[in-house]
Amino acid sequence: MSEEETKPTPEEELPEMPETQEPEEQQPVDELTKWREMALRTAAEYDNYRKRCVKDREDFTKYANRSLLEELLPVIDNFEMGMQMAAQQGTDSMIYIGMSMVQKQLADFLAGQGVEAIEAAPGQEFDHNVHEAIMSEPSEQPEGTIIRILRRGYNLRGRLLRPVNVVTAAPKEEESTPEA
């Protein structure tokens, strides 16, 4: 064999690798990229923080009077019981007329604060999201049906302020006969 046959031809030679940057030259570029990414991430975190603060502030002002309204609800319950007693005396009495005007003012005040009564009626299906079952009684109605309303419930701007207290139907107990 001749030497020409053992030498690779220019087509067979491996292509030359491009010269790479020296490690000292690449390090500033990597550092710059790292700091740029960190700055972008920090800016995004700050923007999210700012948005969260705005939302928290809005929620705080929206629901700031929640505890005051919760303390007012038992007073309203007692007032409604007084209205029922006054209605038994007659709806044409001055006491009933005056109390109904105060009741209207209270209803307008609550509506202005974003408080809404939760609608519940006997015969409705129990909903654990807005109802609180205080007790259950045997009944002909299907199990889980509301039998009586014990106390009204309220929402504050779409959030539950106080659940409706109800009595629910339970399956009727079978009468057992003593065995002889």
Side-chain angles (χ1 to χ4, degrees), residues 37 40-178:
E37 288 175 3
L40 290 172
R41 194 172 310 116
T42 303
E45 286 175 7
Y46 175 73
D47 190 46
N48 289 338
Y49 171 75
R50 186 183 54 76
K51 288 176 184 176
R52 189 171 51 250
C53 284
V54 167
K55 184 185 179 309
D56 288 348
R57 192 176 315 119
E58 287 173 355
D59 283 349
F60 177 76
T61 56
K62 200 175 190 182
Y63 301 105
N65 56 359
R66 180 184 179 104
S67 63
L68 172 69
L69 293 170
E70 286 175 339
E71 290 182 32
L72 182 62
L73 293 179
V75 174
I76 293 170
D77 293 338
N78 291 335
F79 187 80
E80 287 177 353
M81 284 192 294
M83 285 288 294
Q84 291 172 355
M85 296 306 291
Q88 290 177 358
Q89 301 297 321
T91 57
D92 56 345
S93 73
M94 293 306 285
I95 292 174
Y96 181 81
I97 293 170
M99 287 182 74
S100 63
M101 287 193 295
V102 172
Q103 185 180 33
K104 173 145 179 29
Q105 284 180 320
L106 279 171
D108 291 344
F109 169 75
L110 291 175
Q113 297 299 311
V115 177
E116 304 169 332
I118 298 171
E119 296 299 321
Q124 262 186 340
E125 186 68 27
F126 177 82
D127 179 3
H128 69 277
N129 293 315
V130 294
H131 301 134
E132 181 178 24
I134 301 301
M135 57 192 275
S136 60
E137 294 178 353
S139 172
E140 297 290 330
Q141 295 186 12
E143 187 176 358
T145 303
I146 296 173
I147 298 175
R148 282 192 314 275
I149 312 294
L150 298 178
R151 187 176 75 172
R152 291 177 72 178
Y154 297 91
N155 283 325
L156 173 61
R157 300 185 200 281
R159 286 188 185 173
L160 185 65
L161 184 60
R162 182 177 80 180
V164 182
N165 289 352
V166 297
V167 177
T168 59
K172 221 172 190 188
E173 295 178 13
E174 297 293 323
E175 289 185 28
S176 60
T177 56

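We're numbering straight along the sequence, starting at 1. All values derive from a computational prediction rather than experimental measurement.
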A.B. asks: With rounding to the nearest 0.5 Å, note down the distance linking CD in E37 to OG1 in T42.
C.D. replies: 11.5 Å
A.B. asks: In residues 71-81, what donor-acceptor pairs under 3.5 Å come from side-chain atoms, sequence neighbours left out?
C.D. replies:
from : atom 1 : to   : atom 2 : distance (Å)
D77  : OD1    : R162 : NH2    : 3.1
D77  : OD2    : R162 : NH1    : 2.8
D77  : OD2    : R162 : NH2    : 3.1
N78  : ND2    : P74  : O      : 3.4
E80  : OE2    : R152 : NH1    : 3.0

A.B. asks: Show the nearest heavy-atom pair for residues I95 and A86, with the distance to one decimal.
C.D. replies: CG2-CB, 4.5 Å
A.B. asks: Using 0.5 Å steps for rounding, measure from the CD atom of E58 to the SG atom of C53.
C.D. replies: 11.5 Å
A.B. asks: If you measure from CG on L160 to NE2 on H131, what distance do you get to the nearest 0.5 Å?
C.D. replies: 10.0 Å
A.B. asks: Could you go through the side-chain contact (heavy atoms from CB on, under 4.5 Å) check for R159 and D59 one step at a time?
C.D. replies: CA-CA 11 Å; R159 286 188 185 173; D59 283 349; 4.0 Å; yes
A.B. asks: Using side-chain contact (heavy atoms from CB on, under 4.5 Å) as the criterion, list what pairs up with E143, not counting sequence neighbours.
C.D. replies: P171
A.B. asks: Apply the test salt bridge (charged side-chain N to carboxylate O under 4.0 Å, His left out) to residues D108 and K104: give CA-CA distance (whole Å), side-chain angles for both, the deciding distance (0.1 Å), then the verdict.
C.D. replies: CA-CA 6 Å; D108 291 344; K104 173 145 179 29; 3.1 Å; yes
A.B. asks: Say you draw a straight line from CZ of R151 to CD1 of I134; how long is it, rounded to the nearest 0.5 Å?
C.D. replies: 7.0 Å
A.B. asks: Tell me the closest heavy-atom pair linking A121 and I149, and the distance in Å.
C.D. replies: N-CD1, 4.0 Å
A.B. asks: Thinking salt bridges, do K51 and D47 make one under a 4.0 Å N-O criterion?
C.D. replies: yes
A.B. asks: Which heavy atom of I147 sits nearest to which heavy atom of A169, and what is that distance?
C.D. replies: CD1-CA, 3.5 Å
A.B. asks: Near E125 CD, under 6.0 Å, is it more than 12 heavy atoms from other residues, nucleotides or ligands?
C.D. replies: yes
A.B. asks: Between E70 and R66 (salt bridge meaning N to carboxylate O under 4.0 Å), is one present in this structure?
C.D. replies: yes
A.B. asks: With heavy-atom distances below 4.5 Å as the criterion, would you say the side chains of L110 and L69 are in contact?
C.D. replies: yes
A.B. asks: With rounding to the nearest 0.5 angstrom, report the CE to CG distance, M135 to N165.
C.D. replies: 12.0 Å
A.B. asks: Check whether more than 12 heavy atoms from other residues, nucleotides or ligands sit under 6.0 Å from atom CD1 of I97, and answer yes or no.
C.D. replies: yes
A.B. asks: So do L150 and V167 actually touch side chain to side chain, heavy atoms under 4.5 Å?
C.D. replies: yes
A.B. asks: If you apply the rule side-chain contact (heavy atoms from CB on, under 4.5 Å), what do you find for N155 with I118, and how did you get there?
C.D. replies: CA-CA 7 Å; N155 283 325; I118 298 171; 3.7 Å; yes
A.B. asks: Once you round to the nearest 0.5 Å, how far does OG of S136 lie from CD1 of I146?
C.D. replies: 13.0 Å
A.B. asks: Any side-chain heavy atom of Y96 within less than 4.5 Å of one from Q89?
C.D. replies: no
